[in-house]
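Every value quoted in this text rests on a predicted model; they were computed, and no experiment measured them.
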Amino acid sequence: MSQHVFKRAGFLAATVGVAGLIGAGIASAHVTANVYGSQPTKGGYAAIVFRVPSEEKDPITTTKVAVDFKADYGIGSVRTKPVPGWTAQVTKSKLPAPITKDNGTQITEAVTSVTWTAQPGSELKATDYQEFSVSFGPLPTNVDQVEFPAHQTYSDGKVVDWNQPTPANGEEPEHPTPAVKLAAKSEGDEHGMAANTASTTGEHTEAAASASDNTARWLGGAGLLVGAIGLGVGAGATIRARKATAKPGGNS
């Protein structure tokens with residue numbers, strides 16, 4: 001009986017460990033929109049990081065990343081954090097009709113895309129990923145999340161569109177749209193967030209991006225550690241079971 005229990009425990013632990021390692025790899029293969037810090041609120045301003053892994057095999061590299069901002073969000077301002085070896089271009093478009101924000105401000109043109117292009121020698125190789133930080137607003141108040149369809153261009157001309165919505169059953173599509181959920185607006189959000197955004201400097205943006213990078217590295221390391229522990233526990237349980245079987249009079 002004890003041998004059976006040990007074997008079962010070892011199998012479960014090893015399975016959890018391997019699943020953790022595999023899951024971490026699968027999750028990192030998507031273009032994602034991440035929030036490091038407070039969740040953005042409806043009507044406020046947001047600072048998010050688009051994480052882009054390069055998925056094609058060597059020698060094919062990622063040369064350009066474009067992220068769409070839906071015009072009906074009425075995003076009037078976007079700031080990008082400089083990325084060494086990459087240039088950023090913010091595109092604004094005239095709206096067919098003005099959008100009136102909660103504070104009465106009318107938006108007649110809105111940000112519709114941000115495109116990052118690699119300079120020669122800075123393209124993303126198959127084992128690379130890059131994070132592109134942006135701050136923007138004001139956010140819409142009539143949606144629970146904002147979505148950012150992304151388009152990843154490779155050196156061979158291939159373009160991968162990350163623009164598939166997640167269905168109602170929650171099953172993730174092959175190329176999901178990067179999205180960020182919005183928290184409910186509370187009293188004082190609008191003025192506080194507007195003031196914070198007005199005083200945002202390059203130094204503040206750089207600090208936020210640095211914190212995001214450290215957080216991402218810590219989470220990745222933690223995932224690998226959990227997987228390794230799971231594998232170790234499984235191996236230990238199996239060894240103990242074999243020793244118990246080898247002893248005279250051991251349970252079978």
Side-chain angles (χ1 to χ4, degrees), residues 8 11-42 46-57 60 62 64-73 75 112-116 124 126-134 136 139-154 156 158-185 212-213 215-231 233-234:
R8 184 176 181 182
F11 173 78
L12 290 175
T15 301
V16 170
V18 172
L21 294 173
I22 295 176
I26 292 174
S28 64
H30 293 165
V31 173
T32 56
N34 305 287
V35 176
Y36 303 118
S38 301
Q39 199 70 14
T41 58
K42 297 180 179 181
I48 68 174
V49 177
F50 293 104
R51 173 172 287 192
V52 180
S54 202
E55 296 185 303
E56 296 296 303
K57 296 181 180 180
I60 300 173
T62 294
K64 184 168 66 174
V65 177
V67 175
D68 295 337
F69 285 66
K70 296 184 179 181
D72 54 7
Y73 289 162
I75 304 297
T112 49
S113 71
V114 179
T115 302
W116 290 270
L124 300 183
T127 57
D128 295 345
Y129 78 90
Q130 184 58 270
E131 292 189 330
F132 303 95
S133 303
V134 295
F136 57 90
L139 295 165
T141 57
N142 59 345
V143 296
D144 294 325
Q145 72 173 14
V146 282
E147 300 178 345
F148 304 95
H151 315 281
Q152 184 173 9
T153 301
Y154 288 94
D156 63 350
K158 178 182 179 180
V159 177
V160 176
D161 296 319
W162 300 89
N163 59 0
Q164 297 176 341
T166 300
N169 61 12
E171 183 177 351
E172 189 174 69
E174 183 179 2
H175 296 101
T177 302
V180 170
K181 293 187 180 298
L182 300 180
K185 181 180 177 180
S212 73
D213 185 60
T215 303
R217 290 179 181 178
W218 183 89
L219 290 175
L224 292 175
L225 178 60
V226 169
I229 291 174
L231 291 173
V233 170

From [X] atom [atom1] to [Y] atom [atom2], the distance as rounded to the nearest 0.5 Å:
X      : Y      : atom1 : atom2 : value
Asp144 : Lys42  : CG    : NZ    : 4.0 Å
Arg51  : Ser133 : CZ    : OG    : 10.5 Å
Thr62  : Glu56  : OG1   : CD    : 8.0 Å
Asp72  : Thr112 : CG    : OG1   : 12.0 Å
Thr115 : His151 : OG1   : NE2   : 8.5 Å
Gln39  : Ile48  : CD    : CD1   : 10.5 Å

Centres of the Phe136 and Tyr73 rings: under 6.0 Å?
no
Under 4.5 Å between any side-chain heavy atoms of [X] and [Y], yes or no?
X      : Y      : result
Thr32  : Trp162 : no
Leu139 : Ile75  : yes
Pro53  : Val31  : yes

Below 3.5 Å, can you tabulate the donor-acceptor pairs from side chains in residues 173-184 to any protein atom, sequence neighbours excluded?
{"residue": "Thr177", "atom": "OG1", "partner": "Asn163", "partner atom": "O", "Å": "3.1"}
{"residue": "Thr177", "atom": "OG1", "partner": "Gln164", "partner atom": "N", "Å": "3.2"}
{"residue": "Thr177", "atom": "OG1", "partner": "Gln164", "partner atom": "O", "Å": "3.4"}

Show your reasoning for whether side chain to side chain donor-acceptor pair (under 3.5 Å) applies to Gln152 and Tyr154.
CA-CA 7 Å; Gln152 184 173 9; Tyr154 288 94; 3.3 Å; yes
For a ring-ring contact (aromatic ring centres under 6.0 Å, His included) with Phe50, tell me which candidate from Tyr129, Phe148, Phe132 qualifies.
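That would be Phe148; it is the only one of Tyr129, Phe148, Phe132 passing the ring-ring contact (aromatic ring centres under 6.0 Å, His included) with Phe50.
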By salt bridge (charged side-chain N to carboxylate O under 4.0 Å, His left out), which residues pair with Asp128, not counting sequence neighbours?
none
